[in-house]
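Below is one structure, written out as structure tokens; comments come after it.
Keep in mind the model is a prediction, meaning the values are calculated, not measured.
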Amino acid sequence: MKKKILFFVAAVCMLLPLFVCACDAREAGSLKSITRPYIAHYECTEATLGNENLLDKFEYINVVLVNKDTMQIIYKPKNGKKQINETKYTFDNKTHELSAEVGIYGFKFKQSTIVENGKFTVSKQIGAKQLIMKFKAK
């Protein structure tokens, strides 16, 4: 009887690595991806003000959702230095609406947008021109 139990335990121990290898932790996801998957680093893929392409003037424009309520807007003008603006934001898990008070070109405004499939668009009328900025998760 002891030999059968030892054989069974040995067989399980030898087969256990096969089952562990079959499970990929990257595929399983992290706690963050389950509870707050929107918290990410977003890069600007398109930015226009009227007919002007703003990305021609910047090396990059990024939005980083640091945690559940803090957001950073990080940008670097060409021939300029990196700037980081921090602000608070809210996110509605049911509607996927991201809202924040943002300052652009000396103007402050509250903006809301829907985050869908790791992408969102900011659209705002500034004077006579329309500002459109598209972001996607890195």
Notebook entry, point to check: Which residue, K129, Q111, Q130, forms the side chain to side chain contact (heavy atoms under 4.5 Å, CB included) with K124?
Noted result: Q111
Flag yes if more than 12 heavy atoms outside [X] fall under 6.0 Å of its [atom1] atom; otherwise flag no.
{"X": "D56", "atom1": "CG", "answer": "yes"}
{"X": "Q125", "atom1": "CD", "answer": "yes"}
{"X": "K76", "atom1": "NZ", "answer": "yes"}

If you measure from [atom1] on [X] to [atom2] on [Y], what distance do you get to the nearest 0.5 Å?
{"X": "Y75", "Y": "C44", "atom1": "OH", "atom2": "SG", "value": "13.0 Å"}
{"X": "N53", "Y": "T48", "atom1": "CG", "atom2": "OG1", "value": "7.5 Å"}
{"X": "Q72", "Y": "H41", "atom1": "CD", "atom2": "NE2", "value": "9.5 Å"}
{"X": "K110", "Y": "Y89", "atom1": "NZ", "atom2": "OH", "value": "13.0 Å"}

Margin query: As a quick check of understanding, evaluate side-chain contact (heavy atoms from CB on, under 4.5 Å) for M71 and V63, giving each step before the final call.
Written below: CA-CA 7 Å; M71 172 175 99; V63 170; 3.9 Å; yes
Side-chain heavy-atom pair [X], [Y] within 4.5 angstrom cut-off:
{"X": "Y60", "Y": "K82", "answer": "yes"}
{"X": "I61", "Y": "F135", "answer": "yes"}
{"X": "F91", "Y": "H96", "answer": "yes"}
{"X": "Y42", "Y": "V64", "answer": "no"}
{"X": "I132", "Y": "T121", "answer": "yes"}
{"X": "D69", "Y": "T90", "answer": "no"}
{"X": "S112", "Y": "L98", "answer": "no"}
{"X": "T70", "Y": "K88", "answer": "yes"}

Next item on the list: State yes or no: do L55 and L131 share one hydrophobic cluster built from I, L, V, M, F, W and Y residues joined by side-chain heavy-atom distances below 4.5 Å, directly or via other members?
Entry: yes
Checklist line | E52 bridged to K57 by N-O distance under 4.0 Å | finding: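 Yes, this pair counts.
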Check: If you look at every heavy atom in F120 and I114, which pair is closest and at what distance?
Finding: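 Shortest heavy-atom contact: CB-O, 3.4 Å.
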Check: Hey, is the main chain of K94 close enough, under 3.5 Å, to the side chain of D92 for a donor-acceptor pair?
Finding: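 Checking the backbone N and O of K94 against the side chain of D92, a donor-acceptor pair under 3.5 Å is found.
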